[in-house]
Student: 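Here it is, the structure in full.
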Amino acid sequence: MHTDPNILFVGTVDKKPEQSTKTELTKDECFITLEVNETPIKFKVDTGSQANIIPMSMYREFKGPKGPIQSSRTSLTSYTGDKLNLVGKCTLKCMRNRRLNFFVSETDQYPILGFQASQELDIIKVVMSTNKEGDLNEKYSYVFKGLVCLRESYHIELDPEVSPVINAARKVPVAIKGRLKLELANMEKQGIIRRVDRPTDWVNSIAIVEKPGTGRLRIYLDRKHLNEAIRGEHFQLPTVEEIASRVSGGKVFSKLDPRHGYWQITLDEPSKLLTTFRTPFGRYCFTRMPFRIKSVQEVFQKRISQQVDDLDGVATEIDDILIWGSDQQEHDARLEATLQRCEKINLTLNVDKCKFNVNEVSYCGHNFTKDGVKPDESKIKAIQDMPTPSSKKEI
């Protein structure tokens, strides 16, 4: 890197075309038209240039009073080593009554607006950033790995007036039996289910769903009969309007996605046996809170809300955590506090589904942006593209 203060570098010097065009931004170059001494001049914005340059031919055409050309010992050199034929330097009145220093050159070139002037005139904005997501992933590696569980177990409360139900076994298609066995083994290995070898009052059927594009199976309880017996938590979920009023003024957002959210809450021993289900390979029960049972959303919402309600700029909705700030500094402090809380309560996150440090985020079916709350266009399109019902069942 050069150290001589009398040598300034310019990024590129291109020959000026015969006719100028309007202000434009191309793939590789940026041009802007500014009024200099009452004369519109099209400049090439060159962030690699340490100087502002104006051709002598243009200097002569300026209207109104203009600063005289003074001699200069400065040498202008391109990064290819070519030296410009320098006449001198002058001060000219630019937009907003700003005065800028220019070097005057004899060459027929584009006028150049350098890095410093481009900043001063708010033409460019320099943003210094680091890989915050990578830094957070490393700092809170425990939060972004594996599947653990919150510290307090959940007890499923049943209505004593409802009798237990033992469901008959359902046939499983031969084509997926092998994959079902593998998925059961995987869930057992993760501690999500366990085998049951004792008599139980409840035996549930299962619903098997294939995950699109992966070929993997998801196993759910057929919750019909068990849900009729489960007492609800009656925990009030926040409305979009309530969340929107709190987020008002937010400019920077992050959204955290708990990994297999409901599976991070363990069941106590009596509740585990209530979830017993049949398979062709024996009976199992869930050790973690299963999807689709009654009040599961309310329970998870309640648990997470109770843990983060004292944090500023944090909202929870079902299984997503929203963080916002009125500026970058406030957002980052709130995000750090939330991740520290997740670490403290044993809540792990799916980093691939989290959104960090964005100006717009989809949440509760709406887009929360720095300009306010807007409808999520993808949700609107889904409704618009919905086929017209052709039967009572479809309605």
Side-chain angles (χ1 to χ4, degrees), residues 1-131 251-252 327-328 359-360 369-371:
M1 186 174 180
H2 81 284
T3 57
D4 191 338
N6 291 322
I7 300 177
L8 298 180
F9 285 87
V10 293
T12 56
V13 178
D14 298 326
K15 186 174 180 182
K16 178 179 172 292
E18 294 180 5
Q19 293 183 343
S20 63
T21 58
K22 294 181 179 180
T23 304
E24 58 185 18
L25 177 64
T26 67
K27 182 179 179 182
D28 302 312
E29 297 177 316
C30 179
F31 299 91
I32 188 167
T33 299
L34 304 176
E35 236 183 46
V36 180
N37 276 59
E38 302 177 15
T39 305
I41 301 294
K42 180 181 176 183
F43 286 93
K44 177 179 180 180
V45 178
D46 189 347
T47 56
S49 175
Q50 295 175 288
N52 307 317
I53 304 172
I54 203 88
M56 184 65 187
S57 58
M58 286 191 176
Y59 177 84
R60 293 192 186 102
E61 296 173 3
F62 284 145
K63 303 172 184 177
K66 54 190 176 186
I69 298 176
Q70 300 173 346
S71 61
S72 174
R73 291 187 299 172
T74 301
S75 173
L76 297 183
T77 307
S78 72
Y79 283 102
T80 60
D82 299 321
K83 290 189 176 182
L84 276 66
N85 186 3
L86 187 63
V87 177
K89 63 181 181 180
C90 67
T91 301
L92 300 171
K93 187 173 73 173
C94 200
M95 59 183 289
R96 303 173 189 169
N97 293 319
R98 299 291 294 272
R99 292 190 173 273
L100 298 178
N101 295 323
F102 286 87
F103 288 95
V104 183
S105 172
E106 282 284 10
T107 57
D108 186 19
Q109 65 192 29
Y110 257 124
I112 287 179
L113 205 62
F115 175 69
Q116 184 175 344
S118 298
Q119 279 188 285
E120 291 176 358
L121 297 175
D122 291 329
I123 296 168
I124 64 168
K125 183 178 181 180
V126 178
V127 179
M128 304 296 289
S129 65
T130 58
N131 183 8
K251 303 295 183 184
V252 188
D327 55 33
Q328 192 70 58
N359 294 325
E360 180 174 331
T369 77
K370 60 181 181 179
D371 300 318

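Everything numeric in this text was worked out from a predicted model, so none of it was measured.
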Student: Taking side chain as C-beta onward, heavy atoms only, is Val104 less than 4.5 Å from Ile54?
Tutor: yes
Student: Atom CD of Glu29 and atom OH of Tyr110: how far apart are they, to the nearest 0.5 Å?
Tutor: 7.5 Å
Student: To the nearest 0.5 angstrom, please state how far the CG atom of Leu113 sits from the NZ atom of Lys44.
Tutor: 12.5 Å
Student: I'd like to check the side chain to side chain contact (heavy atoms under 4.5 Å, CB included) partners of Ser57; sequence neighbours left out, ordered by chain and number.
Tutor: Pro55
Student: Could you go through Gln119 and Ile124, starting from their C-alpha distance and side-chain angles, then the distance that decides it, and tell me whether this counts as side chain to side chain contact (heavy atoms under 4.5 Å, CB included)?
Tutor: CA-CA 5 Å; Gln119 279 188 285; Ile124 64 168; 4.0 Å; yes
Student: Would you give the length of the straight line joining atom CD1 of Ile53 to atom OG of Ser105, rounded to the nearest 0.5 angstrom?
Tutor: 6.5 Å
Student: Assess whether side chain to side chain contact (heavy atoms under 4.5 Å, CB included) is satisfied between Met56 and Ile69, documenting all intermediate values.
Tutor: CA-CA 10 Å; Met56 184 65 187; Ile69 298 176; 3.7 Å; yes
Student: Can you list every ring pair (Phe, Tyr, Trp, His ring centres under 6.0 Å) pair that touches residues 51-74, not counting sequence neighbours?
Tutor: none
Student: List the atom pairs, donor and acceptor, that lie under 3.5 Å between side-chain atoms in residues 86-93 and the rest of the protein, sequence neighbours left out.
Tutor:
{"residue": "Thr91", "atom": "OG1", "partner": "Asn101", "partner atom": "OD1", "Å": "2.9"}

Student: Between Leu121 and Arg98, what is the shortest heavy-atom contact and its length?
Tutor: CD2-CG, 4.1 Å
Student: Could you measure the distance from the SG atom of Cys94 to the CG atom of Leu100? Nearest 0.5 Å is fine.
Tutor: 5.0 Å
Student: How long is the straight-line distance from CD1 of Ile32 back to NZ of Lys42, given to the nearest 0.5 Å?
Tutor: 11.5 Å
Student: Evaluate the side chain to side chain contact (heavy atoms under 4.5 Å, CB included) criterion for residues Leu84 and Phe103: first the C-alpha distance (whole Å), next the side-chain angles of each, then the deciding distance (0.1 Å), finally the verdict.
Tutor: CA-CA 10 Å; Leu84 276 66; Phe103 288 95; over 6 Å; no
